[in-house]
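First up is the structure itself, then whatever we jot down about it.
We use all heavy atoms of the structure for the numbers below, so side chains are in, but hydrogens, waters and symmetry mates are not. Source: prediction; values computed, not measured. A, B, ... follow the sequence lines: proteins, then strands. Residue 1 opens every chain.
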2 protein chains.
Amino acid sequence: MNIKDLDYFHQLTLQKNFSQVAEYFGVTQPTITLAIQRLEAEFATKLVQRDRVHNQLLITDTGRQLAVHATSILRELQITHQEIDRLTQQRTILGLPPIIENFYFPKVAARLQALGELENLQTIAGGSVHLRHALRDGQCDIALLGSIEPLSYQQLAVNEFDHRPFSIFVSRQHPLANRKRLYFSELRHERFILFNSSFVHNTAFNKLTRRNHFRPDVVYRANDTHIIMNLVAENVGITFLTTIVDQHRDDVVRLELMDDEQPQFITSIAYRTNHVLTAAQRQVLTVLRQTLGSA
Amino acid sequence: MNIKDLDYFHQLTLQKNFSQVAEYFGVTQPTITLAIQRLEAEFATKLVQRDRVHNQLLITDTGRQLAVHATSILRELQITHQEIDRLTQQRTILGLPPIIENFYFPKVAARLQALGELENLQTIAGGSVHLRHALRDGQCDIALLGSIEPLSYQQLAVNEFDHRPFSIFVSRQHPLANRKRLYFSELRHERFILFNSSFVHNTAFNKLTRRNHFRPDVVYRANDTHIIMNLVAENVGITFLTTIVDQHRDDVVRLELMDDEQPQFITSIAYRTNHVLTAAQRQVLTVLRQTLGSA
DNA sequence: ACCCTATTATAAATTATTTTTATGTGGACT
DNA sequence: AGTCCACATAAAAATAATTTATAATAGGGT
């Protein structure tokens, strides 16, 4: 069986018109007719049915079943091409969430450069959900993912390499600045400045407010932790961030949370279980684990 | 690209010998050579390498990457064939764990017969792990699965339809027979007769003994709940089973467990997310939900 | 009722692809 | 040096896919 036939059929289920599909692929119309006939013979079933009354093409039950599988075969093949291309080019594409890229990547990059691996590395940015899809679709080889729950997906091999608590950051002028530790419930009447672009931060924060039964007063949301920290320094409000964002500023104080069963910011290295790691990629993994785990 | 080439290559990665693969497929040796050359051209990479010194065939990095994807494409195609065959034959294959088959299926079968659906249904038995693989590999369309944790797999659509506690069953002559409820920790010095063939029962039982810090005295393990119940009736020991196994015998007494956070026997209906349900299969699902959920 | 159009099917010819047959090559083993 | 093993190559043969040309079918318009 030829993959091309599956491709023709897949398009046919989308466009529902033999002639248009033929044009789409730059072939003549009988080519499509014959391809569908081949598939119908191979699977010994009718795949499509013409409805002349409504002038449309109906896909049969078995046709829809084939379409589902055809889609996933075609996707798998596309991933295969992408992966092998990257392997032959000796390139690795690494998916990085912005937080990790901002605060850790300089260190990682320095180590990789020392090993001569930086040239072969290309990064793409994105939130955890986006990067999970990018991994799945073969758009990147390895990704770092932030999460609150341990990640569990059959198609992904996941190594958690770091668990970090979330902390509260307040201005040095803030009444709480002389505290070292506190409970989240003490923050009931505070003004919050929050990180907008992190699904993980927001989920963790919502968990804590819900558990402590209060509606937080969120005065501002920003997409950049520097902006948040500057606002906190000016005492516009306080913030809630994972400690990997700790910048050691002397105008901002970090306060630990003492609550039981706090959410944790889990960072994991993930790659497809289907993916064969090259020597270079294994080296990238080692560097990531060393740099990120020990920091 | 022809699927056949992937099949040739897949076998080559297993057998590592062109001539043997040719014989395996009943073709001549150059056929395999040329197929591999086609794939190498398509993916613009070397896939295999001859090691004349050790007289063996090495698969390159990219070759192994292709092999992984080829395997999954070939499996998907096989599933497609199996599914479409069953669709055209109007058959449904239902995977049933023995416990559920023994105690619930008569009721389900009666309802299905009334609807004229029983003839088209074929069942296969097996433990939850086995049935999950059977589902994945297209050997069955729908399966009932027992578990303690909620099931979560990307390729499976899962509906939990019943949660049931585990209970203790003792003989009417047993000192505990006049109790209605008890804590698991009270069973520290009891003799147990356990169900052998259920992964789920054993996991739940182990959870409770570990939590209560004792090593149970297991005097016998059987694969059939009737045998277990007969032994319990004779007061050879007591047992631990989910309540779906309740047989309303008057020589055996069921005792509820009062422990917090008890494990639950979760029964779920599962099918591949890739699977298109036919009208008949949807009817089977409805009957299953009604019969099993309300019991 | 007739023609027109849109859409798909069919047949034969053409072109492309795959497989076979026959033979070559390189190296290990004796 | 000869032989065998394992794979490669070239040309011929066999298959398979595509195109060209044309047919079929049915709905819509007049």
Return no unless some side-chain N or O of [X] is found under 4.0 Å from OP1 or OP2 of [N].
| X | N | result |
| --- | --- | --- |
| Gln37(B) | dT9(D) | yes |
| Thr33(B) | dA8(D) | yes |
| Lys4(B) | dT19(C) | yes |
| Thr31(B) | dT19(C) | no |

[X] has an atom [atom1]; how far is it from atom [atom2] of [N], in whole Å?
| X | N | atom1 | atom2 | value |
| --- | --- | --- | --- | --- |
| Asn17(A) | dT5(C) | CG | P | 18 Å |
| Gln20(B) | dC5(D) | CD | P | 12 Å |
| Arg50(B) | dA6(D) | CZ | C1' | 5 Å |
| Phe18(B) | dT25(C) | CZ | C1' | 15 Å |
| Leu57(A) | dT7(C) | CG | P | 11 Å |
| Asp5(B) | dT18(C) | CG | C1' | 9 Å |
| Asp51(B) | dG26(C) | CG | P | 18 Å |
| Gln49(B) | dA6(D) | CD | P | 18 Å |

Can you tell me how far apart [atom1] ([X]) and [atom2] ([Y]) are? Round to the nearest 0.5 Å.
| X | Y | atom1 | atom2 | value |
| --- | --- | --- | --- | --- |
| Phe18(B) | Arg50(B) | CZ | CZ | 8.0 Å |
| Gln20(B) | Leu57(B) | CD | CG | 11.0 Å |
| Ile84(B) | His69(A) | CD1 | NE2 | 7.0 Å |
| His130(A) | Phe199(A) | NE2 | CZ | 15.5 Å |

Any base atoms under 4.0 Å from [X], or only sugar-phosphate, or nothing? Heavy atoms, all strands.
| X | answer |
| --- | --- |
| Gln29(A) | base |
| Tyr8(B) | sugar-phosphate |
| Ile32(B) | nothing |

- request: Give me the one residue out of Thr88(A), Asp85(A), Thr80(A) that meets side chain to side chain contact (heavy atoms under 4.5 Å, CB included) with Thr62(B).
  value: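 When Thr88(A), Asp85(A), Thr80(A) are each tested with Thr62(B), the side chain to side chain contact (heavy atoms under 4.5 Å, CB included) holds only for Thr88(A).
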- request: Let me know, please, whether Met1(A) or Lys16(B) comes out on the 5' side of the other along DNA chain D by nearest nucleotide.
  value: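 By nearest-heavy-atom nucleotide position, the 5'-most residue is Lys16(B).
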message: Closest-nucleotide mapping onto DNA chain D: is Asn2(A) or Ser19(B) further toward the 5' terminus? I mean the 5' end.
response: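 Result: Ser19(B).
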